[in-house]
Amino acid sequence: MRVAVTGATGRMGQAVIGAARERGTETLPVSRASERIEGFDASPASNLAAVLTSESPDALVDFTAPGASVEYAAACAEAGVPLVTGTTGFSEEQVEALRRASDEVPVLYAPNFSRGVSVLDSLVREAAESLPGYDIELTETHHNGKRDAPSGTAERLLETVEEAGETTGRTHGREGIQPREDGEIGVHVRRAGDVRGEHELLFAGNDEVLTLTHRAESRGVFAAGALDAAEWVAGRDAGWYDFGEVLAA
Ligand code: NAD
């Protein structure tokens, strides 16, 4: 198994390279020229198309930024290399561009590659369906370098609540005189230190409070999930795949 890794100098890129080394997966690190580190052997991202064509990796694992991921998806489509991306913060147009690439190659996008978050999503669905009328508040915490807010995982959990329950909209933070409206989902974002990722859903009503919390304790959990996804997606037909399919396999 051999994977190209874009964003190789980033937090997740480094975690993917470390996790790949542990499981004996060969990596082809790729990073932006401006972020190349002395002693770290990575191809410049401007050469990605050549790397994909000449080295034919089994998949590209990408944790970068939305614009870069869209560009890399097009390079994968051109070179016939499956893409696994965990980048978050895509606009609808950017998701459309990823989907276009999935006409040519397998594309697996997941805003969270942890098994625990996948279970959390199922539990949140069950709670939202089973506790009608309860107040729902989501709080997420990430490291101080995270750019998008709320996190991609929070967005996914909010969509689950909205599909499963009867909600009227999201309220991002509160300030001044702002009483809670029936049916709203409160959304609270914290950015501090090097927190890997915490998500808490609170359901309150009927003189009781239920909280469902997930905490990632290292980036290794996301790296392992992305590499599992790369192994699963390698050699598949072109198409749009979900991490749930990897977990169900
Ligand atoms: P980071 O800032 O540490 O690293 C980002 C990397 O992407 C760097 O190597 C940087 O050079 C590169 N990059 C950034 N913008 C670029 C651009 N315009 N063109 C080319 N390269 C660019 O960030 P990180 O913590 O590694 O996170 C990266 C992404 O992965 C974020 O979107 C984050 O939310 C997401 N993430 C997803 C999961 C998941 O499980 N899906 C887990 C953690 C992080």
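Whatever order the structure lists ligands and atoms in, that order sets their numbers, starting from 1.
Within the 4.0 Å heavy-atom cutoff, Lys146 counts among the residues contacting ligand 1.
A salt bridge between Glu26 and Arg21 is absent, with no side-chain N of the basic residue lying under 4.0 Å from a carboxylate O of the acidic one. A salt bridge links Arg180 to Asp135: at least one charged side-chain nitrogen sits closer than 4.0 Å to a carboxylate oxygen.
With respect to atom 44 (C) of ligand 1, the closest heavy atom belonging to the protein is Met12 CG, 3.6 Å. Nearest protein neighbour of atom 15 (N) of ligand 1, counting heavy atoms only, is Ala65 CB, 3.4 Å. Of all protein heavy atoms, the one lying nearest to atom 8 (C) of ligand 1 is Glu35 OE1, 3.5 Å. Among all non-hydrogen protein atoms, the one lying nearest atom 38 (C) of ligand 1 is Phe63 CE2, 3.6 Å. Here the heavy atom of the protein found nearest to atom 18 (N) of ligand 1 is Arg32 NH1, 3.7 Å. The protein non-hydrogen atom at the shortest distance from atom 4 (O) of ligand 1 is Gly10 CA, 3.3 Å.
Between Arg219 and ligand 1, a contact under 3.5 Å exists for no N or O pair. For ligand 1, the polar-atom distance check against Ala8 finds no nitrogen or oxygen pair separated by under 3.5 Å. Checked by distance only, ligand 1 and Phe113 come closer than 3.5 Å through their nitrogen or oxygen atoms. For a threshold of 3.5 Å applied to N or O pairs, the pair formed by Thr9 and ligand 1 contains at least one separation below that value.
For the salt bridge (charged side-chain N to carboxylate O under 4.0 Å, His left out) with Glu231, the lone residue among Arg23, Arg236, Arg2 that qualifies is Arg23. Checking each of Val84, Leu28, Leu227, Ile17 against Val3 for a side chain to side chain contact (heavy atoms under 4.5 Å, CB included) leaves exactly one that passes, namely Leu227. Evaluated for a salt bridge (charged side-chain N to carboxylate O under 4.0 Å, His left out) with Glu140, the options Arg215, Arg191, Arg196, Arg190 yield exactly one hit, Arg191. With Arg170 as the partner, the salt bridge (charged side-chain N to carboxylate O under 4.0 Å, His left out) test is satisfied by one option alone out of Glu137, Glu181, Glu155: Glu155.
At a 4.0 Å heavy-atom cut-off, ligand 1 touches Arg11 through backbone and side chain alike. Residue-level proximity to ligand 1 for Ala110 is carried by the backbone, the only part with a heavy atom below 4.0 angstrom.
If you number the atoms of ligand 1 from 1 as listed, the ones under 4.0 Å from a heavy atom of Gly7 come out as 6 (C), 7 (O), 9 (O). Each of the atoms 30 (O), 35 (C), 36 (N), 37 (C), 38 (C), 39 (C), 41 (N) of ligand 1 lies under 4.0 Å from some heavy atom of Gly86. For ligand 1, the atoms lying closer than 4.0 Å to a non-hydrogen atom of Pro111 are 39 (C), 40 (O), 41 (N). When each atom of ligand 1 is checked for a heavy atom of Tyr72 under 4.0 Å away, the hits are 20 (C), 21 (N). When each atom of ligand 1 is checked for a heavy atom of Ala68 under 4.0 Å away, the hits are 17 (C), 19 (N), 20 (C).
Of the N and O atoms on the side chains of Asp62 and Thr87, at least one donor lies less than 3.5 Å from an acceptor on the other residue. Side chain to side chain, His199 and Ser151 meet the donor-acceptor criterion of an N or O pair below 3.5 Å. A donor-acceptor pair shorter than 3.5 Å can be found between the side chains of Ser91 and Gln94. For the residue pair Thr64 and Thr6, no side-chain donor N or O sits within less than 3.5 Å of a side-chain acceptor on the partner.
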Review point. Can you check side chain to side chain donor-acceptor pair (under 3.5 Å) on Thr211 and Glu200, steps first, answer last?
Key: CA-CA 7 Å; Thr211 54; Glu200 182 196 86; 4.9 Å; no
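Evaluation of the ring-ring contact (aromatic ring centres under 6.0 Å, His included) test over residues 215-249, restricted to residues two or more places apart or in two chains, returns Phe113-Phe243, Trp232-Tyr241.
In this structure, of Thr6, Thr88, Asp62, Thr64, the residue bringing a heavy atom nearest to atom 33 (C) of ligand 1 is Thr88.
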